[in-house]
There are 4 protein chains.
Amino acid sequence: MSAGDARSRKRAPGAAYDPRMAERPDPNDHPPRRSFIERARRAQIVEAATQVVAELGYAGTSLARIAEKAEISKSVITYHFENKDEILRLVVSQFFERGWERMSGHVEAESTASGQVRAWIGSQLEFYAEHRAEFLAMSQIMANHRTPEGSPAFAGELTEEVDALTEILQRGQRDGEFRDFDARGVATIILRCADGVLGSWAVDDSTRLVDQIPALLDFVDHAIRR
Amino acid sequence: MSAGDARSRKRAPGAAYDPRMAERPDPNDHPPRRSFIERARRAQIVEAATQVVAELGYAGTSLARIAEKAEISKSVITYHFENKDEILRLVVSQFFERGWERMSGHVEAESTASGQVRAWIGSQLEFYAEHRAEFLAMSQIMANHRTPEGSPAFAGELTEEVDALTEILQRGQRDGEFRDFDARGVATIILRCADGVLGSWAVDDSTRLVDQIPALLDFVDHAIRR
Amino acid sequence: MSAGDARSRKRAPGAAYDPRMAERPDPNDHPPRRSFIERARRAQIVEAATQVVAELGYAGTSLARIAEKAEISKSVITYHFENKDEILRLVVSQFFERGWERMSGHVEAESTASGQVRAWIGSQLEFYAEHRAEFLAMSQIMANHRTPEGSPAFAGELTEEVDALTEILQRGQRDGEFRDFDARGVATIILRCADGVLGSWAVDDSTRLVDQIPALLDFVDHAIRR
Amino acid sequence: MSAGDARSRKRAPGAAYDPRMAERPDPNDHPPRRSFIERARRAQIVEAATQVVAELGYAGTSLARIAEKAEISKSVITYHFENKDEILRLVVSQFFERGWERMSGHVEAESTASGQVRAWIGSQLEFYAEHRAEFLAMSQIMANHRTPEGSPAFAGELTEEVDALTEILQRGQRDGEFRDFDARGVATIILRCADGVLGSWAVDDSTRLVDQIPALLDFVDHAIRR
DNA sequence: CATGAATGAGTCTTCATTCAT
DNA sequence: GATGAATGAAGACTCATTCAT
């Protein structure tokens, strides 16, 4: 049943749109209509998968261990999902969807470019700090997941995000808020900067992430302000 | 995100030699005296392992594939190494050793704190750019390698690096070069910033890393300068 | 060789109805009285099974794929049929029933023995040529289907057919149409001959089966005629 | 080890050449040099596979069952062979190689075309009769084995055989031994005829194959003789 | 110094069937 | 009359490691 339902990736209604999740149109256009039980099971399994990846890493994640964590039989997983791949992609896409839902509100609430940059970084880090396991899992999967042919499965998934931030930076330059720099290059640096801080927190959770947010905001602010 | 979020650990400048990065000590305390052939074989195998990890990722790396790449029999590997673990740790430690060899020279040649910061970031990125495969391999291993119990094998390996950069920043503040900020926090941010840029390059090699170095240096400069 | 080496069994001409080819008898002796819907569903499923076996081969045929082909849920199949076995047997028996319906008319219309032989071979091959998928499916199932214990499920199903053709050949010998030979042995050979030609057509449908019929008739004619 | 050693298919030295086994050149041209043990193990496994396929059919043949039959662990099989596919192909190719080795001698010993036809059919059937299990296995594999993409793995493998027999028939026609007919069509029929008789014996071994050989030779003789 | 052979645990996935609704 | 959910057994294959030579 339910072939090709690698699905979702819908924009949050009203929300601008999630630049991280490029629209990849489903060939079978009818989205699978799932029963209550099915939806619950799928959620349960994705949740279990998230935890396992976060704890044991990408390479240590097997269907057997996901089943164990969810306290179900392995067959239940293969019944509700096409693939291990499908599960892993859902872990990633759901995280981004929810993250962007949160961020977009904060970003749009700001009027100035610098306010939007701060809102972007701040709300992103806040969201991640609140969902550490999900973030770790997403990180692991993005860094490791490959297509059957062997190339990274999530390469270039991030360019739209860079585009969006670049636009904000350019507006800030036009408005005289920011100094002169290559907007696209700096957009990359900022995003990667945040990723990096996240990364250190991912490896070593002794650093309280939320405490580092103001420092990072301040750092970026000085770096780009006129 | 952050395929390259793990990375960087190297000797504190001036410090002689980090025993943690050394090959694991021989249980019989006399350090292994290796023949010429032995050393050659080990180097060849570590080199092959590096390439395989870079190409196929951590999860795609098996002894069989390393053997294939090195054009030797699998048994040669298990003869010369205790473990798969031993090989992977060597890939990481050798990369850091060589990287720091390069960097320390550049850093120590500078007299001002800001010069040292620039030398640090610049020479690090240059070195990585010249050794992409090694960098990718190191990244993958640091992000994925685990102890038999399942916890990250390279957690908390980064503190010395942070310590060293913190010292430089503090000196810069005392000398009036840098503005006021939490030196340790910013040290982390700077290092992670570089990581982040590396991460984007790791995923997508179309971005010419060396071209981005000046932008990053400029970015950091503005962020910390008085 | 001989993708089509299994095949052919049908009612002896004149004989009413072969119970061995019938659906397996209901344990409670009253024959199943099926509703219109039930009969339609069963037909639909058997038809889908036929197509799947023809396309994917015996080993590639699963209930899941039959359901997919019929665009129904897998449970519909298990509701209407006892078994996978029951479906496969029906594919075979229905093909033979319909085939013999066609052949018997042609054979009985002939008065001479040699005419009957020609009618037999000719109409058989014609029928098969018109129902390639059904023929392929039947072939695959006869060649592969096994009892739960592992022995061929359709062994020894061919004797009646041989008997019937043997009778015709013997009559031809008595009437002086055919030369002297072991009638039973030659009956087997003739039937297998047709099988063989079918087999080559099964593997490679570029050979237009109908074009080969005259050659085969000619071949057999020369072989047995006085 | 030993990648790409799907190998063999060499002509028997001196023997004409086996038309059934089209030369499919090995990309890695160096044939694997196997140890005594390796050759013995491979032979043992192929032999076990042959028996399992003959007894349980293509669909009933699993590596587990082959291992059981050979009284070895399943891993031994995957150590010595790349693939299940490799084993199955060997079962087929070895059978043809050996069969042709036998047949070619008999065929070439004859001077007349009709003698060669008789030698062909006779020695083929004799050989098959002496190696029933191998024949059954080969039959099952040829009828069922598919490429990963789903198309029959052994389609069109037989055309060269038809070519060779066609040549003989044409010579017979030129020499006035045979009557006028479409040589290629009849070659197909004759080969398929033999296959068919074999097929009936395959299903039901009560018929003593060797006893049927003279009848078949006689049948074919009458069919094609002037 | 080197390696061929072996193997048990574990990988994902497919499958026919059962059961409750 | 229909079906969604569940499942254990089995499928081929990969892997790191051990051992004897």
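Every chain is numbered from 1 and lettered A, B, ... according to where its sequence line falls, protein lines coming before strand lines.
A cation-pi arrangement is absent between R41(C) and F36(C) under the rule of less than 6.0 angstrom and at most 45 degrees off the ring axis.
Remark: of the listed residues I87(C), L136(C), L88(C), L88(C) is the sole one forming a side-chain contact (heavy atoms from CB on, under 4.5 Å) with I141(C).
Side-chain nitrogen and oxygen atoms of Y79(D) include none within less than 4.0 Å of the OP1 or OP2 phosphate oxygen of dA6(E). Contact check, H80(D) against dG4(E): no side-chain N or O comes under 4.0 Å of OP1 or OP2.
In plain terms, the two heavy atoms of R42(B) and E86(B) that are nearest each other are NH2-OE2, 3.2 Å. In this structure, E38(D) and H80(D) approach most closely via the heavy-atom pair OE2-ND1, 3.1 Å. Looking at every heavy atom in both residues, A143(B) comes nearest to Q140(A) through O-NE2, 2.8 Å.
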Could you list the donor-acceptor pairs under 3.5 angstrom formed by side chains in residues 45-65 of chain C, with sequence neighbours left out?
unit_1	atom_1	unit_2	atom_2	d
E47(C)	OE2	Q51(C)	NE2	2.6
T50(C)	OG1	V46(C)	O	2.8
E55(C)	OE1	K69(C)	NZ	3.2
E55(C)	OE2	K69(C)	NZ	3.1
Y58(C)	OH	H145(C)	ND1	2.7
T61(C)	OG1	G57(C)	O	2.8
S62(C)	OG	R65(C)	N	3.2
R65(C)	NE	G60(C)	O	3.0
R65(C)	NH2	G60(C)	O	3.3

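Between the CZ atom of F81(D) and the P atom of dT14(F) there is a distance of 15 Å, given to the nearest Å. As rounded to whole Å, 15 Å separates atom P of dC12(E) from atom CD of E86(A). Per the geometry, CD belonging to E71(D) stands 15 Å off P belonging to dA6(E), to the nearest Å. Following rounding to the nearest Å, I77(D) (CD1) and dA5(E) (C1') show an atom-to-atom distance of 15 Å. Whole-Å rounding puts the E68(B) CD to dA16(F) C1' distance at 17 Å. Atom CD1 in I72(C) sits about 15 Å away from atom P in dG1(F), given to the nearest Å. Look at CD1 on I45(A): it is 13 Å from C1' on dT7(F), rounded to the nearest Å. Rounded to an integer number of Å, the gap from CZ of R34(D) to P of dT3(E) is 18 Å.
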Annotated protein contacts, base or backbone, on nucleotides 14-21 of chain E with a non-hydrogen cut-off under 4.0 Å, one of B, S, - each | BSBBB---

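Comparing dA2(E), dA6(F), dG1(F) by their nearest atom to the side chain of S35(C) picks out dG1(F). Of the candidates dA2(F), dA5(F), dA2(E), dA2(E) carries the atom nearest the I37(B) side chain, counting heavy atoms from C-beta on.
In DNA chain E, runs of at least 3 consecutive Watson-Crick or G-U pairs, each pair with both distances below 3.5 Å, span E:2-21 with F:2-21.
Two residues are said to be in side-chain contact when any heavy atoms from C-beta on lie closer than 4.5 Å; I77(D) and K84(D) fail this criterion.
Each of S73(D) and R41(B) was assigned the nucleotide of DNA chain E with the nearest heavy atom; the assignment lying further toward the 5' end belongs to R41(B).
Atom CZ of residue R89(D) and atom CZ of residue F81(D) lie 14.0 Å apart, to the nearest 0.5 angstrom.
Judged by distance alone, the side chains of E149(A) and S151(A) never bring a donor and an acceptor atom under 3.5 Å apart.
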